[in-house]
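One structure below.
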Protein chains: 2
Amino acid sequence: MVETAREIAAALGDELVSFDLDDIERHGYSDWSSSNSSGRPVAVVYPKTTDDVSRVAVICSRHDVPIVPFGAGSSIEGSFSSPYSGVVIDFAHMDKVIAFHPDDMDVVVQPGMNWVDLNRTMEEEGLFLPLDPSPTATVGGMVSTNCSGTNAFRYGTMKDWVINVTAVLADGRIIKTRRRPRKTSAGYNLTSLFVGAEGTLGIITEITLKLAVVPKETGVAVVSFPTIADAASAATKVIRSGIQVAAMELMDDTQMRIVNRHGSEAVRKTKWDETATLFLKFSGPTKEGIQGDISRVRELMVPHSPTKYFFARNKREEADLWAARKEALWTMTSIKPEGHAIWSTDVAVPISRLAEVIELSKKDGEKLGLFTSVVGHVGDGNFHEALMYDPKNHLHKAAVKEVVNRMMGRALEMEGTVSGEHAIGMGKIQCLMDELGDDTVEAMRLVKQALDPKWLLNPGKVFELPEGSSAVAADRA
Amino acid sequence: MVETAREIAAALGDELVSFDLDDIERHGYSDWSSSNSSGRPVAVVYPKTTDDVSRVAVICSRHDVPIVPFGAGSSIEGSFSSPYSGVVIDFAHMDKVIAFHPDDMDVVVQPGMNWVDLNRTMEEEGLFLPLDPSPTATVGGMVSTNCSGTNAFRYGTMKDWVINVTAVLADGRIIKTRRRPRKTSAGYNLTSLFVGAEGTLGIITEITLKLAVVPKETGVAVVSFPTIADAASAATKVIRSGIQVAAMELMDDTQMRIVNRHGSEAVRKTKWDETATLFLKFSGPTKEGIQGDISRVRELMVPHSPTKYFFARNKREEADLWAARKEALWTMTSIKPEGHAIWSTDVAVPISRLAEVIELSKKDGEKLGLFTSVVGHVGDGNFHEALMYDPKNHLHKAAVKEVVNRMMGRALEMEGTVSGEHAIGMGKIQCLMDELGDDTVEAMRLVKQALDPKWLLNPGKVFELPEGSSAVAADRA
């Protein structure tokens, strides 16, 4: 494989291929991921153009060498691991806006572009990509995992914002799935097929994104409830009212306790109830509209025994209230004992089952005597559970894995999915089989086989490799 | 092939298979379609269950007989024609709601269900499927063409409302693309792959649909402008303001003239300006919100030289104003001379190019001296042009075809699509090649080949059949 990487270096230029061991390690392992492999790439390629990527694919295809695309490296399911070695393609140099069309409300970007940076460049035109994943995420990774975040209830998930992708197929051919219409019914929806495929069908090198209008006015409210069930039923009432809240997030008692004690100063100055709490964001073109929405939501909450309301009176208060939600992840990380790990995962279920699945999963985790906390995207029936444990303690680790498995099983019993927004990676391959059954997964494999007959693109993700496939088997953790 | 159909009748029951010639004709030809084939099915099968469909597929697959799914028969691109004969599957008996889950805001239906009927059954719960195609359309056809209509600007297209489909594959295997979560990133998006595939990848036998909350309050406004360019730039202003109008439709001078003269009594009592006219629908949870939106829109229109405003003051006026838009199709049909045909087609382009593509296409049609009219879904950059002609006059027909081809070419030059909401059928196969190029269409064909290796599912749609494929070649118009 190293010879293949050398051939790539000769073709693209030595400065675009790294054999540095630290670089390789950084692209092969992540502390954030609950699924790591012992496999490592032989090199990291830093292409500058779609043609560079195509040349890499041609060379790798000739020598049966796996190709693993790499974005921000923030996957928690091992989507960028290299269990069969090969070369990693890092899009660090392909991080530009190629064309911005404010009048058409779209933008063409390279996969290495960070979404926060992208939104900053479009601020003046009052347009944005209304997704909200980790601030480190790159557009390529967001596309490949069909990410979402707190804005999904209002704006949908990544698949709803991709107009077309340019992808390099396994043999080096370059295809563009669409031109630039906002709507089409011409031929198969290859765009949506590539979104969420984790780079296993093609390597995405360019993306045209739909944009939304940045709302002129915003509002934030935080409401606490005695139980998760109360919070969920209040949320359902809001959803069914047709009031279009911009986001509706749930944090559990554990999360609220951490925020009270370990949040930033701005967050700690509010005395939060340490119970199930809903965070609501409002947005729209007029102040009156938002005021109307807020007072309507307040009325709707009353029958659900709210224990405390906070309504922001100005931009500053909005930021301070919402910060409590935004800090959920880092406050948790900040209290993690040295050497401990966080197993974070998510599922989504039909909305009516959300409270039940959360309460059961939470109890199950707490029974272990481990730190267990929950944040949920209530409007989508999606929630994250985080479990803190000592990875060197094998009993602990096995117990956490078992809790996670039971959470997956429970979501499936409720007709849900094993991954609401983090894709399958290596960690949930068996879960995907459990979710959809052999025949449906077989249909997916047929599509994979048709577009990548040698199984060279990001092998070992989404599915196990078929017997006898070309990718060289490496040790697997 | 007739023997195969007899075998199906023996398996399913004689009463579920029709060999009646009128029935066959009705399933093989349509006056509404600009693409008809001289091929006819040998029989029409009326399955009652997914298992029935699976049995049909097993039998057809064994004998290499094509299967063509049939919904309402309202395709205008020949999506349900039988150019290679075979059997048609008509879902008339599979027209039921299987499960309605108001708390999860979804519904499971059979493909033969009419969407207007479906929405009526859900009225009491205040939920609806927010698409708006022809009132005759069935959910199966809507899914298979990725339909939309006047509500797409606010609510998106069919692909945005399908949670999962159950599909019978070419060999009879039954797959379900998802369970019932509103959001997922687990595995490939087979759901979106089947939406818009025109029954060429699998026969859809069950669909789970997301539902939206019926807005409590509505409003309607109609505004006329000197030119299409003025109307389009006013529309763009509204779009960029972030005001979420429920629909924004454009009708040209010709359409307005017809409506003035041939509309229903309720419509004719308004004296419409016979110029480019925008029809706007507003909807939301509160009266105040809608009033605010309407006055804001009025302000935004001022710089674009509006010549006449109509704002509905009550429900009755709303219905009367909107009726002018709704009657566009039938008023045109009503003035069509005996024996004449209407060639209706659509394209979509990036929004900023809409006025230009409409004006050029309209002029091009008018140069023929033929009746040419335009209605547009402005918010999506999508418009329909209708040309009236005498199909027995071959020169006329060829000229109309040429105008349509130029309209497609123009849309592609502007980075648009050759089909905004009517799919490819038989009529736009070459256009699809022009739109996406050989390599992209080849990727689609690889997917087709993987899932239907004998090319038996709705052959001759989306693509030409490959040389030497099993489906028996029949005469082609």
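So that the names make sense, note that chain A is the first sequence line, chain B the second, and so on, each numbered from 1. Atoms considered below: every heavy atom in the structure, side chains included; atoms not considered: hydrogens, waters and symmetry mates.
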Verify, without hydrogens or angle tests, whether [X] (side chain) and [Y] (backbone) share a donor-acceptor contact under 3.5 angstrom.
X	Y	value
A:Ser54	A:Gly172	yes
B:Lys428	B:Val418	yes
A:Asp171	A:Arg173	yes
B:Arg240	A:Glu125	yes
B:Thr440	B:Gly437	no
B:Ser144	B:Gly141	no

For chain A, the option from [options] that forms the most heavy-atom pairs under 4.5 Å:
options	result
B:Ala212, B:Gly242, B:Cys147	B:Gly242
B:Asp438, B:Ile290, B:Thr191, B:Leu451	B:Leu451
B:Gly416, B:Gly381, B:Gly289	B:Gly416
B:Ser283, B:Ala167, B:Ser241	B:Ser241
B:Pro285, B:Pro350, B:Gly202	B:Pro350

* **Validation row: B:Thr145, B:His422 side chains within 4.5 angstrom (heavy atoms)** =>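 A side-chain contact is absent here, since even the closest heavy-atom pair is not under 4.5 Å.
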Among side-chain atoms of [X] and [Y], is any donor-acceptor pair under 3.5 angstrom?
X	Y	value
B:Glu421	A:Ser185	no
A:Asp104	B:Ser352	yes
A:Asn189	B:Asn146	no
B:Glu198	B:Ser79	yes

Please classify the contact between [X] and chain A as side chain, backbone, both or neither, with a heavy-atom cut-off of under 4.5 Å.
X	result
B:Met105	side chain
B:Gln244	side chain
B:Glu442	side chain
B:His377	side chain
B:Lys183	both
B:Ala152	side chain
B:Thr177	backbone
B:Ile243	both

* So with a 6.0 Å cut-off around CG of B:Asp439, is the heavy-atom count from everything else above 12? ->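 It does: B:Asp439 CG has more than 12 such atoms within range.
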Largest heavy-atom contact set with chain B, pairs under 4.5 Å, which of [options]:
options	value
A:Gly196, A:Ala197, A:Gly187, A:Gly425	A:Gly187
A:Pro102, A:Ala348, A:Gly379	A:Pro102
A:Leu412, A:Val349, A:Asp106, A:Leu190	A:Leu412
A:Asp346, A:Thr200, A:Leu201	A:Leu201
A:Asp103, A:Thr184, A:Ile239, A:Leu446	A:Thr184
A:Leu436, A:Val462, A:Val447	A:Leu436

* Just jot down the ring-ring contact (aromatic ring centres under 6.0 Å, His included) partners of B:Tyr188, sequence neighbours excluded, or say none. =>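 Expected list: A:Phe463.
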* **Test salt bridge (Lys or Arg N to Asp or Glu O under 4.0 Å) applied to A:Glu413 and A:Arg410, step by step** => CA-CA 5 Å; A:Glu413 273 166 33; A:Arg410 219 171 277 129; over 6 Å; no
* Which members of residues 154-166 of chain B, sorted by number, sit under 4.5 angstrom from chain A on a heavy-atom basis? ->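 So the qualifying residues are B:Thr157, B:Lys159, B:Asp160.
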* **Pairing of B:Glu435 and A:Arg179 as salt bridge, 4.0 angstrom limit** =>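 Salt bridge: no.
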